[in-house]
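A quick write-up on the structure given underneath.
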Amino acid sequence: MEELALENERDKELSRRRFVGAGAAALGALSVSALAQDRSRTDPGPKNPALDAQNPDSTWPPATDSKSLVPNFKYPFSFANKRVYEGGWSREVTVRELPVSKYLAGVNMRLTAGGVRELHWHTADEWAIVLYGSARITAIDADGKSFVADTKKNDLWYFPSGIPHSIQGLDPDGTEFMLVFDDGDFSESDTVLLSDSMAHLPREVLAKNFGVAEPALKNLPKQELFIFQTAVPGSLAADQLAAAGALGKSSHDFAFRTMEMPPTKRTSGGEVRIVDSSKFKVATNVAMAMVTLRPGGLRELHWHPNADEWQYYISGKGRMTVVATGNKARTIDFQQGDVGYVEKTLLHYIENTGNTDLVFLEMFKSSHYQDFSLSEWLSHTPPELVMAHLNIDRATLDAIPREELVIVPR
């Protein structure tokens with residue numbers, strides 16, 4: 001009996017030593033792994049600290065990002081070259097700067113008080129939002145009737161392709177605005193301009209067309225104006241009356257007062273205003289969501305089934321993860337002045353990572369806005385099926401919102 005007891009004690013001691021040894025080995029392996037990971041997360045070579053600080057999720061991506069990258073979906077307007085004139089400037093982000101942006105392009109423009117974006121028209125539809133100041137816009141419709149209106153911050157305008165128009169900055173400090181075109185390959189350089197057209201037509205043809213003597217046209221511009229400085233226009237009423245003539249004013253309203261409509265959705269996390277052809281009748285090919293996220297707010301996980309999403313970040317800081325096909329995902333940080341892009345049907349969110357409001361635009365080449373909420377989909381699928389997929393219990397599933405929130409928290 002004593003021998004059996006001694007043998008059991010030896011077996012226990014041996015087991016204890018093996019356990020301790022295995023634990024020590026595991027801890028050692030863990031320490032080596034942690035040390036290797038610490039060494040991996042160093043960057044002793046040359047770097048750009050300012051850009052690294054703006055893009056922490058690219059410098060050190062979250063573990064949920066894939067090693068095979070989703071194509072880049074960010075381009076800062078700060079990288080875009082300005083075309084500077086007396087009267088203002090212009091810069092653009094197209095598919096040439098952001099290759100993923102195949103269906104929409106953006107032009108950022110500034111006009112001084114009196115500065116004019118000359119009379120012109122485009123081969124693409126033009127959608128615009130005023131970012132600063134105020135501007136007077138003019139156009140004629142397909143019936144030749146005139147449209148003249150003043151616009152202020154957050155107002156929109158929309159000119160379908162072929163509709164001739166102009167933009168002019170007003171007192172006290174002109175305007176700045178964002179233009180979005182329904183063609184990713186569009187360039188503001190490729191525009192039918194009044195001045196350039198006159199410079200490329202024979203004087204005798206112009207004289208015959210206008211019914212004037214040829215010498216009267218001797219001072220026509222010999223090259224494009226594009227943007228130029230002139231006097232601030234007079235009263236809106238006077239311009240409207242002068243432009244109306246015998247045909248009268250257009251029945252089409254090419255401008256939209258965004259802030260005069262209530263938010264489409266508002267929660268404690270922020271608000272969104274959706275403007276498409278159901279509200280802005282002339283905007284038949286571009287739809288918008290203007291989103292404000294409070295600090296900590298989240299534009300919920302969702303996707304758009306009908307169109308790619310072109311984004312412009314107006315203020316604040318945020319980040320977005322896009323989940324693509326082929327087990328790929330990428331997270332990128334954004335700040336004011338950046339353009340983002342999400343291809344149709346790809347799952348994504350936008351999170352406010354700053355301490356001020358994050359305000360951005362979601363733009364779509366579509367007459368109407370449409371999205372799918374991940375939460376709404378899961379909560380309207382048979383529960384057992386969802387729990388089997390996600391390995392969650394019923395209480396967790398029941399906590400998922402049953403309706404589209406758009407912005408969280410509620």
Side-chain angles (χ1 to χ4, degrees), residues 73 75 77 90 92-95 97-98 100-109 117 120-131 135 137 139 141-142 147 149 151 153-165 167 176-188 190-192 250 252-261 264 272-291 299 302-314 338-346 350 359-371:
F73 48 83
Y75 193 90
F77 258 104
S90 176
E92 64 185 17
V93 174
T94 72
V95 73
E97 289 78 27
L98 187 59
V100 72
S101 181
K102 298 179 180 67
Y103 298 106
L104 293 164
V107 174
N108 181 206
M109 190 173 291
R117 173 65 175 96
H120 65 286
W121 69 88
H122 303 292
T123 56
D125 287 15
E126 173 183 304
W127 179 99
I129 183 169
V130 181
L131 303 172
I137 55 176
D141 64 19
F147 173 82
T151 57
K153 184 176 179 180
N154 292 324
D155 285 350
L156 314 179
W157 70 73
Y158 191 91
F159 297 124
S161 63
I163 294 291
H165 57 281
I167 311 156
E176 184 174 345
F177 46 90
M178 177 60 60
L179 305 172
V180 180
F181 296 90
D182 65 342
D183 178 0
D185 199 44
F186 177 85
S187 173
E188 186 70 359
D190 301 327
T191 302
V192 184
S250 174
H252 300 287
D253 192 348
F254 293 100
F256 186 85
R257 316 297 175 179
T258 310
M259 304 313 288
E260 292 180 9
M261 66 172 278
T264 309
V272 59
R273 286 176 168 84
I274 296 173
V275 181
D276 59 16
S277 60
S278 66
K279 293 182 173 63
F280 191 12
K281 301 301 183 183
V282 299
T284 56
N285 210 29
V286 177
M288 174 203 84
M290 184 176 183
V291 183
R299 173 69 177 93
H302 67 286
W303 66 96
H304 303 278
N306 63 329
D308 288 11
E309 175 180 331
W310 187 94
Q311 302 169 340
Y312 179 67
Y313 288 81
I314 296 174
D338 288 346
V339 172
Y341 198 88
V342 184
E343 293 179 277
K344 181 172 65 174
T345 75
L346 297 189
I350 301 97
V359 182
F360 61 94
L361 305 176
E362 300 177 1
M363 307 297 308
F364 307 90
K365 184 177 178 178
S366 175
S367 63
H368 64 284
Y369 176 92
Q370 188 177 24
D371 69 3

Open item on the list: Please check this pair: side chain of Ser161 against backbone of His122, looking for a donor-acceptor N/O pair closer than 3.5 Å.
Closed with: no

TODO: Using a 4.5 Å cut-off on heavy atoms from C-beta on, say whether the side chain of Trp310 contacts that of Val180.
DONE: yes

TODO: Please tell me if the side chains of Met259 and Asp155 come closer than 4.5 Å, counting only heavy atoms from C-beta onward.
DONE: no

Open item on the list: Assess the residue pair Phe254 and His165 against the criterion (ring-ring contact (aromatic ring centres under 6.0 Å, His included)); give the C-alpha distance rounded to whole Å, side-chain angles, the decisive distance to 0.1 Å, and a yes or no.
Closed with: CA-CA 10 Å; Phe254 293 100; His165 57 281; 9.1 Å; no

Task: Any side-chain heavy-atom pair of Tyr75 and Ser101 under 4.5 Å - done: no

Task: Gap between atom CD1 of Ile129 and atom CE of Met363 - 0.5 Å precision - done: 8.0 Å

Open item on the list: Tell me the closest heavy-atom pair linking Ile163 and Ala142, and the distance in Å.
Closed with: CD1-N, 4.2 Å

Open item on the list: Using 30° and 60° as the class boundaries, would you call the ring planes of Trp157 and Phe159 parallel, tilted or perpendicular?
Closed with: tilted

TODO: Would you kindly say whether Asn108 and Glu92 are connected by a side-chain donor-acceptor distance under 3.5 Å?
DONE: no

Open item on the list: Between Glu97 and Thr94 (side chain of the first, backbone of the second, donor and acceptor by atom type, cut-off under 3.5 Å), is there such a pair?
Closed with: yes

Task: side chain to side chain donor-acceptor pair (under 3.5 Å) between Thr258 and Asn154, worked out - done: CA-CA 6 Å; Thr258 310; Asn154 292 324; over 6 Å; no

Task: ring pair (Phe, Tyr, Trp, His ring centres under 6.0 Å) against Tyr103, all qualifying residues, sequence neighbours excluded - done: none

Open item on the list: Could you check whether any side-chain N or O of Asp182 sits under 3.5 Å from a backbone N or O of Pro160, counting only pairs where one atom can act as donor and the other as acceptor?
Closed with: no

TODO: Please examine the side chains of Gln311 and Ile350, heavy atoms only from C-beta on, and report whether any two atoms are closer than 4.5 Å.
DONE: yes

- [ ] For the residue pair Leu131 and Ile314, establish whether any side-chain heavy-atom pair is separated by less than 4.5 Å.
- [x] yes

Task: Asp276 CG to Thr284 OG1 distance, which is reported to the nearest 0.5 Å - done: 11.5 Å

Task: Atom of Ala283, atom of Ser277 and distance for their closest heavy-atom approach - done: O-CB, 3.4 Å

Task: Arg117 with Glu188: basic N within carboxylate O range, under 4.0 Å - done: yes

Open item on the list: I want to check something: taking the side chain as every heavy atom from C-beta on, are Trp127 and Leu179 in contact at a cut-off of under 4.5 Å?
Closed with: no

Open item on the list: Going by side-chain contact (heavy atoms from CB on, under 4.5 Å), Val275 matches just one of Tyr158, Phe256, Tyr369. Which one?
Closed with: Phe256

TODO: Check Tyr313 against Gly340 and note the closest heavy-atom contact, atom names and distance.
DONE: CE1-N, 4.4 Å

- [ ] Measure from the side-chain N and O atoms of His304 to the backbone N and O of Gln370, and report whether any donor-acceptor pair falls under 3.5 Å.
- [x] yes

Task: Trace of the side chain to side chain contact (heavy atoms under 4.5 Å, CB included) decision for His368 with Asn306 - done: CA-CA 9 Å; His368 64 284; Asn306 63 329; 3.7 Å; yes

Task: Pair Glu126-His120, side chain to side chain contact (heavy atoms under 4.5 Å, CB included): steps then yes or no - done: CA-CA 12 Å; Glu126 173 183 304; His120 65 286; 4.1 Å; yes

Open item on the list: Within the structure provided, determine whether Asp253 and Val282 are in side-chain contact (heavy-atom separation under 4.5 Å).
Closed with: no

- [ ] Dump the intermediate steps for side chain to side chain contact (heavy atoms under 4.5 Å, CB included) on Phe181 and Val107, then the final yes or no.
- [x] CA-CA 8 Å; Phe181 296 90; Val107 174; 3.7 Å; yes

- [ ] Determine the minimum heavy-atom distance between Ala124 and Phe186, stating which atoms define it.
- [x] CB-CD1, 3.9 Å

Task: Side-chain (Ser366) to main-chain (Ala307) donor-acceptor, under 3.5 angstrom - done: no

Open item on the list: Taking Met261's backbone N and O only, do any of them form a donor-acceptor pair with Arg273's side chain (distance below 3.5 Å, no angle check)?
Closed with: yes

Task: Residues that Asp185 engages under salt bridge (Lys or Arg N to Asp or Glu O under 4.0 Å), provided they are two or more places apart - done: Arg96

- [ ] Would you please name every residue forming a side chain to side chain contact (heavy atoms under 4.5 Å, CB included) with Glu343, sequence neighbours left out?
- [x] Val100, Lys102, Asp308, Tyr341, Leu346

Open item on the list: With heavy-atom distances below 4.5 Å as the criterion, would you say the side chains of Pro305 and Lys344 are in contact?
Closed with: no

Task: NZ/NE/NH1/NH2 to OD/OE distance under 4.0 Å, Glu362 and Arg299 - done: yes

Task: His252 and Phe147 aromatic centres sub-6.0 Å - done: no

